[in-house]
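Worksheet for the structure shown next.
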Amino acid sequence: MSDITKLTAFDALEGLKKKEFTAVELTEAYVRNMENGRHYNAYITECADKAINQAKEADKRYADGTARALEGLPLGIKDLFCTKDIRTTAASHILDNFIPPYESTVTQHLLNDGAVFLGKLNLDEFAMGGSNETSYFGPVINPWSKDKDLVPGGSSGGSAAAVAAHLCAASTGTDTGGSIREPAAFCGVTGIKPTYGRCSRYGIVAFASSLDQAGPIAQDVRDCAMLLNSMAGFDDKDSTSCNLTVPDYTSFLNGDIKGLVVGLPKEYRPEGLNAEVAAYWDKAAEMLKARGAIVKEISLPHTKYALATYYVLAPAEASSNLARYDGIRYGYRAEAQGEHLDELYIRSRTEGFGKEVKRRIMIGTYVLSAGYYDAYYLKAQKMRRLIYNDFMEAFKQCDIILTPTSPITAFPIGDESMLQNPINMYLNDVFTVSVNLAGLPAMSLPIGLAQNGLPLGMQLIGKPFDEGTVFNIAAKLEADAKFERK
Amino acid sequence: MAIDNETVKRVAFLSRLRVENDKIEATKEEFNKILTWIEELNEINTDNVEPLIAVNDMPLRMRKDEVTAGHCREDILKNAPAAEYDYFAVPKVVE
């Protein structure tokens, strides 16, 4: 038989249903890939034994006719989702011994649908980063690397790399400023951040609560639709979860796009935009036009300010969320405890957090501190309103927005200009952060290879809770782009 | 609004983090770089703009005031760096 780990998640489930192979065989094949693929450093924790047991259970259900939607599908889980009795680290030293006594809602949904968990995937520490280099467990290597080791993007770097290298059939990610879409683009895979409120945040280690959303990363658009069907849904345990019916996202894949209006924001084509990125963007627009969509230029006038707005709000929320790590109730506690309780907090936090996390906690603390709150935090919240309004105005004229996902392809691990100046790293999020500020659904899918042989991604941004149109258009773009996966 | 070394020390303490003395200068410069960049937001007048706090404009749901996930003391304490007599243990802080 050909390599069953190269199948899409949809085809793997078909194979299981038709008894072409068993769930145990499928899981064992992925476990072998994980063992042979350890140099990618995609997993922080592997759970092979547990996974095989889950697969045995799945085979029983296939035998007795009680198989569920994702029965026996081997997934990798970003190590930001709390998984009951499985270590959950957020790629931080401060949580490297944390074993949650409860399950996140999103992963519980996947388990309820019969999914098998292969292990916990690497990420930037607390999801703060765009290259996976801030992980306490070391960087993930992009499977597209040739002579030099490249970053997989971040923060869901392990999730994207594992899908690209077939170390899982699909994975979960989270996206606060581009953390699903950018790594998906860098690794030539597909990922969607749904509308804020679609997926419960309960049990996901919090970074910036007003921006964080979970979503799937997978081989193709259909796999993403299938996984999001399972992951999404109202949850009483998350006060920002929206009580709306979740449609069957796979039902949109064969929709017509004739007459749909696709907006191209002119502010996403700044002076000096990489020519190849611009060319692929035009090509994608042409593909949609050829299928009867109407392509038109739109304007999102405050785009320029999205990054600075994000880098006030996200650290502010992070500084508050991360105040809970005090070395008392769970997580790392420093050996030397000092004279005062404050000493214990300071030592535990200083030793437990990495450099980028500390940088963001301090920036966040500063912009929230007395005397500066109005000038920075309140100002950024007002800017967020303007950025949100830009999208709402634009959606009066178009049904969906098409942009590149990232201005660049994957870059080498340890890139000097990125490390020397954090702002250079932040600039990679230029096309993705606005979407989080406005809470919109957005998908990244591979469109083709750049001259350097590395994948480039296109981003489709939908109206609030209109993931359906995103899936519809993405399916057409995917069919026309004919991107060859790894 | 450039910040000085004293502010770095104060923010570090508010964050309950330590910045070593030989790193204060570099931290200050890095912060000023980031803050200068953020100040481009002042190009836009936002005097009459309502701040956006939540994208999905809906009232918070109320629930009954009752225990929903309790009786799991043992599970919770398993992750404590130190626990004694069914409580989290901290170093002695009262003389």
Which atom pair, heavy atoms only, marks the closest approach of Arg384(A) to Ser210(A)?
NH1-OG, 2.9 Å

Compute whether any side-chain donor of one residue and acceptor of the other, for Tyr202(A) and Gln108(A), lie under 3.5 angstrom apart.
no

Judged by modelled atom types alone, do Ser200(A) and Asp235(A) share a side-chain donor-acceptor pair under 3.5 Å?
yes

Largest heavy-atom contact set with chain B, pairs under 4.5 Å, which of [options]:
{"options": "Arg347(A), Met362(A), Arg349(A)", "answer": "Met362(A)"}
{"options": "Tyr330(A), Tyr305(A), Tyr102(A)", "answer": "Tyr305(A)"}
{"options": "Ile361(A), Leu341(A), Asp342(A), Val312(A)", "answer": "Asp342(A)"}
{"options": "Gly327(A), Gly439(A), Ser239(A)", "answer": "Ser239(A)"}
{"options": "Lys237(A), Met383(A), His302(A), Glu351(A)", "answer": "Met383(A)"}

Tell me, for [X] versus chain B, whether the close heavy atoms (under 4.5 Å) come from the side chain, the backbone, both or neither.
{"X": "Leu344(A)", "value": "side chain"}
{"X": "Ile423(A)", "value": "side chain"}
{"X": "Pro464(A)", "value": "neither"}
{"X": "Ala323(A)", "value": "neither"}
{"X": "Asp236(A)", "value": "both"}
{"X": "Ser348(A)", "value": "neither"}
{"X": "Leu322(A)", "value": "neither"}

Residues [X] and [Y] bridged, charged N to O under 4.0 Å:
{"X": "Glu30(B)", "Y": "Arg359(A)", "result": "yes"}
{"X": "Arg201(A)", "Y": "Asp212(A)", "result": "no"}
{"X": "Glu467(A)", "Y": "Arg198(A)", "result": "yes"}
{"X": "Arg18(B)", "Y": "Glu343(A)", "result": "yes"}

Does any heavy atom of chain A fall under 4.5 Å from the side chain of [X], the backbone, both, or neither of them?
{"X": "Asp75(B)", "value": "both"}
{"X": "Leu60(B)", "value": "side chain"}
{"X": "Asn48(B)", "value": "neither"}
{"X": "Lys33(B)", "value": "both"}
{"X": "Arg61(B)", "value": "side chain"}
{"X": "Ala89(B)", "value": "backbone"}
{"X": "Ala54(B)", "value": "neither"}
{"X": "Arg63(B)", "value": "neither"}
{"X": "Thr68(B)", "value": "neither"}

Rounded distance [0.5 Å steps], CG in Asp374(A) versus CD in Gln381(A)
10.0 Å

Under 3.5 Å, side chain of [X] to main-chain N/O of [Y], donor-acceptor pair present?
{"X": "Arg385(A)", "Y": "Pro51(B)", "value": "yes"}
{"X": "Arg360(A)", "Y": "Pro315(A)", "value": "no"}
{"X": "Lys358(A)", "Y": "Val19(B)", "value": "no"}

Could you please spell out the steps behind the ring-ring contact (aromatic ring centres under 6.0 Å, His included) verdict for Tyr325(A) and Tyr332(A)?
CA-CA 8 Å; Tyr325(A) 302 101; Tyr332(A) 174 80; over 10 Å; no

Stepwise ring-ring contact (aromatic ring centres under 6.0 Å, His included) check, Tyr366(A) with Phe31(B):
CA-CA 10 Å; Tyr366(A) 178 72; Phe31(B) 272 38; 7.4 Å; no

